[in-house]
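Labels below follow one simple rule: chain letters A, B, ... track the order of the sequence lines, proteins then strands, and each chain is numbered from 1.
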Protein chains: 2
Amino acid sequence: MAENQRFVLIGLGAFGREIARTMHEHNADIIVMDRDPSVVNQMKAEGFKYAVQIDNLDPSSLARFVKPDDIAILSMGDAFESNILTIEILKEIGVKTIYSRATKDIQLKILEKMDITEILFPEKQEGRRFALKLLNRDINFIDEFAPDIYLIEVPIPDRFVGKTIVDLEIRTRYNINIIGLKSPASDTEVIVNQKMEYVGFEKTILQKEHSLLVIGKEKDLEDLVKETE
Amino acid sequence: MAENQRFVLIGLGAFGREIARTMHEHNADIIVMDRDPSVVNQMKAEGFKYAVQIDNLDPSSLARFVKPDDIAILSMGDAFESNILTIEILKEIGVKTIYSRATKDIQLKILEKMDITEILFPEKQEGRRFALKLLNRDINFIDEFAPDIYLIEVPIPDRFVGKTIVDLEIRTRYNINIIGLKSPASDTEVIVNQKMEYVGFEKTILQKEHSLLVIGKEKDLEDLVKETE
């Protein structure tokens, strides 16, 4: 959706590479950089046209590749000194949009003082997400949404099979919002290969193989989940 | 929702700690372990009743604390040798549910051979999530959902203000599903403090301050987002 915007990604560890690959998949205009020539060559082999080996602590070297309007993403992991020095250099170049990774709480505190666009802390973000998923592990998928509001996937209770969502009055009975109907592409497929209907499924006859994606308060969702047990 | 289930978390770096803290917040039964006594003491100070300093490579020491029915989470980060050895010891104890972190692609490949419940790779998971969010950065929130299906938050276009969702026929016109209406708790609040209605908002008069949480295909969502520009 964002057009004519260039992304500059510095640091090609697991986090940086995944950002780069996802952007590449979506045809974003991205230039990737790392100090390590072997990592840079690997990205070139993966099809990255703009992959450069760079000394990110050399202001003139950075200035050659980075423009003030670029969106900079710093994902240098534990090379924290390098990370904060690079932020300063980018600011001197005039870059206004800077995202930087933190890997420790103390780094978070320092980055907060540096007035950048947003701090990324994948361990924290994913740690919280995983714990919430695990606490509801009878359900396939959970995401934290808003205070006390969750988005979950629930299997079809036996007594729902053969009926429709309209027949069952799920929305009114449970005070939840049904946002999708999932059916597996095949028995062995993982979740990403499931087919999801997100409009017009209200009158579909529910099968045992289906699951519902619903949003609601924890208490209301629990009532629905109890039906599936 | 999960009751009487105990979690054993080994490794208290940023990822492990965030999992532990989230579980603690939700009153889960959790025992946390690390080799480093200072980290263990910090967790005790935070209110963790069961925090133990442990040599996780000593089978008898692990067997004293871990039961076969426990759910084990290994978050040892770069201590990968320690990580795989601990998995073997846990399997010998009879633990059936084991989650383990990977921090590198090569670790992922090895862990895949070890037949555990699930491999966690926060850098990959969060990297992808962040890139997708950034590619749609005009929107406050985005999550990948299913192939080509996205969940996004969109601001209220000017021409929607003063009307209701029923009046506007958004669902039929744009082929998307509206799953929530958000209003800010105050001008300066961050997203987590927003109020969200997820049922019964269809007849609410839309205000400039509201935003809609919608789910749909990328193309259909783009059509709606264009209205907001």
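- A:Asp69 and A:Lys96 are joined by a salt bridge, as a carboxylate oxygen and a charged side-chain nitrogen come within less than 4.0 angstrom of each other.
- Between chain B and the residues A:Asn175, A:Leu9, A:Thr103, A:Ile178, the largest count of heavy-atom pairs under 4.5 Å involves A:Asn175.
- Between chain B and the residues A:Gly180, A:Pro122, A:Ser75, the most heavy-atom pairs under 4.5 angstrom are made by A:Pro122.
- With a 4.5 Å cut-off on non-hydrogen atoms, A:Asp220 touches chain B through its side chain but not through its backbone.
- Relative to the ring axis of B:Phe48, B:Lys44 does not place its NZ or CZ within 45° and under 6.0 Å from the centre.
- Within residues 13-22 of chain B, the residues approaching chain A closer than 4.5 Å by heavy atoms are, in numerical order, B:Ala14, B:Phe15, B:Arg17, B:Glu18, B:Ile19, B:Arg21, B:Thr22.
- The choice from A:Glu118, A:Lys104, A:Lys124 that makes the most heavy-atom pairs within less than 4.5 Å of chain B is A:Lys124.
- Salt-bridge annotation for A:Arg6 and A:Asp70: present, with a side-chain N of the basic residue lying under 4.0 Å from a carboxylate O of the acidic one.
- In this structure, a donor-acceptor pair under 3.5 Å is absent between the side chains of B:Asn83 and B:Thr86.
- Residue contact with chain B, scored on non-hydrogen atoms closer than 4.5 Å, is absent for A:Tyr174.
- A salt bridge links A:Arg101 and B:Glu123; the closest N-O separation between the charged side-chain nitrogens and carboxylate oxygens is under 4.0 Å.
- Options B:Asp105, B:Ile176, B:Thr172, B:Val199 differ in how many heavy-atom pairs under 4.5 Å they form with chain A, and the most are formed by B:Val199.
- When all heavy atoms of A:Ser82 and A:Met76 are compared, the pair lying nearest together is OG-SD, 3.5 Å.
- The shortest non-hydrogen separation linking A:Val32 to A:Leu12 is CB-CD2, 3.9 Å.
- A pairwise comparison of heavy atoms in A:Ala102 and A:Leu111 identifies CB-CD1, 3.8 Å as the closest pair.
- In the model, B:Ser183 has no side-chain atom that pairs as donor or acceptor with a side-chain atom of B:Glu209 under 3.5 Å.
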